[in-house]
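Naming: A, B, ... by sequence-line order, numbering from 1 per chain.
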Protein chains: 2
Amino acid sequence: MRQETIENYLKTIYNLSSDNSALVGNKALADKLKLKPATVTEGLRKLHDLKYVVYEKSYGSRLTALGARLALNIVRRHRIWETYLVRELGFGWDEVHEIAEELEHVKNDKLTNKLASILGNPVYDPHGDPIPDEKGKMQKSNFIKLSEARTKLNYKIMGVTDHSSTFLKYLEKHQLTIGTHLKLKTIEAFDHSIVLQYNKKELTISVKAAELVIVEEV
Amino acid sequence: MRQETIENYLKTIYNLSSDNSALVGNKALADKLKLKPATVTEGLRKLHDLKYVVYEKSYGSRLTALGARLALNIVRRHRIWETYLVRELGFGWDEVHEIAEELEHVKNDKLTNKLASILGNPVYDPHGDPIPDEKGKMQKSNFIKLSEARTKLNYKIMGVTDHSSTFLKYLEKHQLTIGTHLKLKTIEAFDHSIVLQYNKKELTISVKAAELVIVEEV
DNA sequence: ATTAAAAATTAGGTATACCAAAATTAGTAA
DNA sequence: TTACTAATTTTGGTATACCTAATTTTTAAT
Ligand SMILES: [Mn+2]
Ligand SMILES: [Mn+2]
Ligand SMILES: [Mn+2]
Ligand SMILES: [Mn+2]
């Protein structure tokens, strides 16, 4: 199997199984990888033979310790490059994901570590995702989705779970960027839209959007 | 054909045919690409269909205008990354070629141009190779191989044609780096070894090494 | 427990990128 | 010219990464 193929599978399994030990289904994996389920079935059989995943036929797959190590490496490179592109090369947070998808496959530890070191070994990337260190360890947090937040409480935006340019531009337009403090004023009983108060203004956002914003109570 | 495959063929044809329009033979191409001639024959047929090369059966191939444009793009990215790695990220000139072989395939003009701009739009890379600008234009020079230099004259080292770590480390050990001024003292009649005088010392180097060093008369 | 829908697998195929061995063509040195 | 050598092409393969359509398994809904 091509190294890049392996890396894309493992990274995606990792991303889809945030509580890492849960099984990831083939359909979800196929969608993220933009492949057909039949293709993914084949791929997983090979990754199983390579001992990167344990594959429970018809139920899904999870990373082995070996697979998780590789996955965390890719995730580290991806997030460090995104941070470097934003902080050192002047890209917007909405532009970097696609470029990082390519740069993440360049394997050179000296390079990755040099970039990290220039950045002061950052712990979060521009989307609020934690950056694993060289050993794969990273910040663990008790952040929640904005869609699960409660009225009257105060929150701070810590990240996003959709890296698409359209979504990030939408957030930026409304000044909903990482670090923004906001208060959850009310939740519409009708459709669960959320009314936010921040920066001396009010904004209503859909559940759909709120599910993609990560916050912390403050 | 995979984009990376195309790019490696075109870049290599370009590098092997520095005197622009000369035909490049399949054997030479196969060696550089670490492929077998049979494979290259196939590849060239496809590149011909894609209008990237003109392929004269049994004699060799040369780039079309379209192919040359793409090739110069890759060469630009390769050389800019090498320069960036050396000047901004603290790598040695002997470490960057392999990394650049991967980075050169990341296609994003904003990124390439940003790196170039940070570097002050450099015209030469760390090995003395000229860097094409966005339109593919680059410095032309009348440099010669050190093996073709004449006794008693003074020269300045302008570049190298072998990017391998072993060769570059050898040069560095003897302080034969780019910019070094030297005088060609004598040429051994026996084996054409060259006796150099520079930095208040003398050094004899083989024809083999001298062929890989590019100099300019000063 | 039955059934319909969704997810996963299998079977059968295409396209790309490579290779070894054999056959051909080009170049060179008598 | 001939005869050898080197380069190139052809032929017949392998391996990987995909796909569609058909079948099977799992899950969810009566
Ligand atoms: Mn990303
Ligand atoms: Mn990110
Ligand atoms: Mn190089
Ligand atoms: Mn170079």
Side-chain angles (χ1 to χ4, degrees), chain A residues 1-18 21-64 67 70-71 74 101-102 104-105 107, chain B residues 1-13 15-17 19 21-63 67 70-71 74 101-102 104-105 107:
Chain A
M1 252 178 139
R2 278 178 53 214
Q3 187 61 19
E4 205 178 307
T5 309
I6 293 176
E7 293 183 354
N8 283 332
Y9 270 83
L10 299 186
K11 175 189 64 168
T12 308
I13 294 169
Y14 175 85
N15 285 150
L16 287 177
S17 143
S18 45
S21 61
L23 284 178
V24 173
N26 288 10
K27 174 64 161 50
L29 193 48
D31 286 349
K32 281 278 181 191
L33 290 169
K34 293 183 182 155
L35 300 175
K36 301 297 162 181
T39 305
V40 164
T41 301
E42 269 187 86
L44 288 172
R45 198 189 38 70
K46 289 177 198 157
L47 290 173
H48 170 88
D49 293 347
L50 293 168
K51 310 227 189 303
Y52 285 126
V53 306
V54 347
Y55 181 38
E56 315 216 338
K57 201 163 141 177
S58 281
Y59 294 89
S61 52
R62 73 168 62 84
L63 298 174
T64 60
L70 218 178
I74 315 306
E101 287 289 325
E102 300 187 53
E104 72 188 4
H105 299 292
K107 185 179 171 339
Chain B
M1 251 179 141
R2 280 177 52 215
Q3 187 62 19
E4 206 178 308
T5 308
I6 294 175
E7 294 183 353
N8 284 332
Y9 270 82
L10 299 186
K11 175 189 63 167
T12 307
I13 294 169
N15 285 150
L16 288 177
S17 148
D19 46 335
S21 60
L23 284 177
V24 174
N26 288 8
K27 174 65 161 48
L29 193 47
D31 286 349
K32 281 278 181 194
L33 290 170
K34 293 184 181 155
L35 300 174
K36 301 297 161 181
T39 305
V40 164
T41 301
E42 269 187 85
L44 288 171
R45 199 190 37 71
K46 290 177 197 157
L47 290 173
H48 170 88
D49 293 347
L50 292 167
K51 310 226 191 300
Y52 285 126
V53 305
V54 351
Y55 181 38
E56 315 217 334
K57 200 162 144 181
S58 280
Y59 294 89
S61 52
R62 71 168 64 84
L63 298 173
L70 219 178
I74 315 305
E101 287 288 326
E102 300 187 53
E104 71 189 5
H105 300 291
K107 184 177 170 344

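Distances shorter than 4.0 Å separate some side-chain N or O of A:T39 from OP1 or OP2 on D:dC19. A:Y59 has no side-chain polar atom (N or O) that falls below the 4.0 Å cut-off from OP1 or OP2 of C:dA8. One finds a side-chain N or O of B:T5 lying less than 4.0 angstrom from the OP1 or OP2 phosphate oxygen of C:dA17. For the pair A:S58 and C:dA8, the criterion of a side-chain N or O lying under 4.0 Å from OP1 or OP2 is not met. Close to D:dT10, at under 4.0 Å from its OP1 or OP2, lies a side-chain N or O of B:K57. OP1 or OP2 of D:dT9 lies within a sub-4.0 Å distance of a side-chain N or O belonging to B:Y55. Taking 4.0 angstrom as the limit, A:K46 places a side-chain polar atom (N or O) nearer than this to OP1 or OP2 of D:dA17.
Separating the NE2 atom in B:H105 from the NZ atom in B:K11 is a distance of 5.5 Å, to the nearest 0.5 Å.
Distance CD (A:E42) to P (C:dA8): 16 Å, rounded to an integer number of Å. A:K36 places its NZ atom 14 Å from the C1' atom of C:dA7, with the value rounded to the nearest Å. With rounding to whole Å, A:Q3 atom CD is found 20 Å from D:dA15 atom P. We find that CG of B:L44 is positioned 12 Å from P of C:dC18, with the value rounded to whole Å.
The side chain of B:L35 lies closest to C:dC19, out of D:dC18, C:dC19, D:dA17.
As judged by a 4.0 angstrom heavy-atom cut-off over every strand, B:G25 is placed among residues touching the sugar-phosphate backbone only.
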